[in-house]
Amino acid sequence: MVVFADKMPFDLEADYINISNDDSFIEAKGNVEVQYKGYSVQANQLYYSKNDGLLEFRDGVQLRDAQNNMLYSTSLLLNLNNDSTIIENGILKTYHQYYVAAEKIQLLPLSYVFSELTFTTCSNQHPHYHLHSSSLSYYRQTNALNINDSRLFFYGIPIFYFPQFSYNIQRDDQQQATPKIGYNLIDGTYGTLNFGYFLSEKSSGMYGIGISTNRGFRYGATHRYLPLPNHILEVSAYDVAETGFEGGLSYEWAYLIKKQSQDLISEYLSNSLEEDSMVLFQAHYLYDRIIYNELYHSHPELKLSYLRAPFFYDTLLDAELGGGYFEDRFAKDTRYMSKVMISKKIIQFSESSSLNSLSGFQAQVYASNVNWTRFYNQLSVTFSLFGFNTELSYLKLFVNDGYSPFIFDTLNEITDDEVSLITSVLLGRIDIELNLDYKINEASFRNLNYTIGWIVHCWQLNVHLDQRWNEISFGISIPNLN
């Protein structure tokens, strides 16, 4: 360990260390090891310029963070003033077995840029599948991700190509780039294919085509504009042969309340959008929105949400307020809605077992002097037994007063006491998942769907069936990509 005249922002060990007379420049060689902000970096050579705040590692660079993510590269240049990083010939292996290789990785204050990127969750030496892209850019202020010139390979054979694909990780309703086929009550048997385009970090979109037995040929586009950080304006327009125009205008503003700040590669690898609290405002003016087997219009709909908010007695609060004018095949009416969900982990038995509580209150008021109010509590236990990962729940509906004049906002809604089961098991190469909600007094299923997957090393072929809504879809998934 070396002690400098002035405190350095990192700790350094090496076989050979040369320090300039004014402590402004350091050169180290042989078994170099640096500790910096919870990161451990090893290399054969190090160069540090105090005046510029530049720390460079060369030859056999290895970086490890507190989560055991590993980065291997030929060189790593770190700007200590803003933690921007430039990596040459990098291979990133994450703790959840992602492998990312790139000729150049730039982790900059406003963006992350990967050049000649290869991604897989298989062994990096001989992957069964991998995705290769000429470039990937992620813009931190707008949460926009753009991927260029991508090819998906299975066993070394290219099976799918998309020249450009863009989406925003802030949104949950992402459209997929790969083809999709399936069956549902709205479309019957259907197939869709989407293509992305990218104009700038603030302006991108997707155009797509599809066909179905019930609604015929479908084509159109969705464009997204991000005028400011956390703001998304979306315009969509599709022409459907049997039902006409579909789409409209949407606006979304989201403010994330982060639990803690992260630097270097940890922020890129974390899944903070699912963990942080969020304030969300949404405005929609849309035609032919799909929910299960129904179409409805909202022109307009406004909604304000506060999600995953820490609340009293170690609980989490989800709250929503909304209103708008809606139209479906049953009614045309104005609806105001309030919804409060309070969740708490009562007892943590072990890492995989716990007792949880969820209380829900929802009130809907309609301009036609109709109201619908519900209040319920759900107790659930999660556990692992005989290879099954299971969540078993009982829901008691205390209040169910009134009704809705619509059909779209009654589908799959809680209207009875329920028992619920979510379970999954791996039987050799067969992965089975079951999800059901059974209404006790009405003696019927509110929800019943299951997925059967066949695992082939590091990818999985899935068949998903929703028995309640007569839907079936086929797809390929990555078992540990979550």
Side-chain angles (χ1 to χ4, degrees), residues 1-109 111-127 130 136 260-270 480:
M1 188 72 66
V2 178
V3 179
F4 302 98
D6 295 326
K7 175 66 177 176
M8 294 290 111
F10 54 86
D11 296 325
L12 169 64
E13 292 182 0
D15 294 339
Y16 168 80
I17 300 176
N18 181 34
I19 308 171
S20 64
N21 292 333
D22 59 358
D23 274 0
S24 64
F25 182 80
I26 300 172
E27 178 185 13
K29 295 183 178 180
N31 296 312
V32 176
E33 184 168 351
V34 165
Q35 303 294 328
Y36 174 71
K37 290 188 175 181
Y39 293 88
S40 173
V41 187
Q42 297 176 335
N44 289 322
Q45 302 176 48
L46 173 146
Y47 302 93
Y48 172 60
S49 174
K50 182 178 178 180
N51 295 334
D52 299 329
L54 297 179
L55 178 61
E56 183 177 8
F57 300 89
R58 296 180 186 173
D59 189 15
V61 181
Q62 297 183 33
L63 181 148
R64 183 191 301 269
D65 67 7
Q67 292 182 308
N68 210 32
N69 300 303
M70 290 293 300
L71 172 69
Y72 306 89
S73 68
T74 56
S75 70
L76 186 153
L77 179 63
L78 172 61
N79 187 326
L80 302 184
N81 296 323
N82 59 14
D83 279 340
S84 63
T85 309
I86 298 177
I87 301 163
E88 300 286 348
N89 300 312
I91 297 176
L92 179 63
K93 178 184 177 182
T94 73
Y95 70 93
H96 34 30
Q97 302 302 307
Y98 297 178
Y99 294 87
V100 180
E103 290 185 1
K104 188 174 184 179
I105 304 173
Q106 301 176 73
L107 307 181
L108 307 175
S111 64
Y112 301 143
V113 181
F114 293 74
S115 301
E116 297 302 330
L117 167 76
T118 299
F119 170 83
T120 185
T121 58
C122 305
S123 167
N124 195 50
Q125 298 299 320
H126 303 286
H130 71 273
L136 180 151
Q260 59 183 5
S261 61
Q262 298 171 316
D263 47 27
L264 291 178
I265 63 172
S266 288
E267 183 174 12
Y268 177 76
L269 298 171
S270 69
N480 64 332

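Computation of the quantities below employed the complete heavy-atom set of this structure, encompassing side-chain atoms and omitting hydrogens, waters and symmetry-equivalent molecules. In this text, all values refer to a predicted model and were calculated from it rather than measured experimentally.
Here CZ of Phe57 is found 6.5 Å from CG of Leu76. Values are rounded to the nearest 0.5 Å. Here Asp11 contributes atom CG and Ser40 contributes atom OG; the two are 11.0 Å apart, rounded to the nearest 0.5 Å. Atom-to-atom distance recorded for Phe114:CZ and Gln106:CD is 10.0 Å, nearest 0.5 angstrom. Interatomic distance, CD1 of Ile26 versus CG of Leu55, reported as 8.5 Å (0.5 Å rounding). From Glu27, atom CD reaches atom CD of Gln45 across 7.5 Å, with rounding to the nearest 0.5 Å. To the nearest 0.5 Å, the span separating CD on Glu33 from CG on Leu12 amounts to 9.5 Å.
Side-chain contact check for Leu63 versus Tyr36: every heavy-atom pair is 4.5 Å or farther apart. Between His130 and Cys122 the shortest side-chain heavy-atom distance does not fall below 4.5 Å. Looking at Leu78 and Asp83, their side chains come closer than 4.5 Å, going by heavy atoms from C-beta outward.
What you find for Leu108 and Ser84 is that their closest heavy atoms are CA-CB, 4.1 Å. The two residues Asn79 and Asp52 make their nearest non-hydrogen contact at OD1-O, 4.4 Å. Nearest heavy atom pair, residue Asn31 against residue Asn44, reads N-OD1, 4.4 Å. Pairing each heavy atom of Thr121 with each of Tyr98, the nearest pair is CG2-CD2, 3.9 Å. Residues Ser115 and Ala102 approach most closely at O-CB, 3.5 Å, considering heavy atoms.
Put simply, the residue from Asp59, Val61, Leu46, Val41 that forms a side-chain contact (heavy atoms from CB on, under 4.5 Å) with Val32 is Leu46. Screening Asp65, Leu92, Thr94 for a side-chain contact (heavy atoms from CB on, under 4.5 Å) with Leu71, the sole residue that qualifies is Leu92.
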Working for side-chain contact (heavy atoms from CB on, under 4.5 Å), residues Tyr47 and Arg58: CA-CA 8 Å; Tyr47 302 93; Arg58 296 180 186 173; 3.8 Å; yes

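Side-chain atoms of Asn51 and Ser49 include no donor-acceptor pair closer than 3.5 Å.
Listed for the Thr85 side chain is no donor-acceptor partner under 3.5 Å among the backbone atoms of Leu107. Formation of a donor-acceptor pair under 3.5 Å by the Thr74 side chain with backbone atoms of Glu88 is found in this model.
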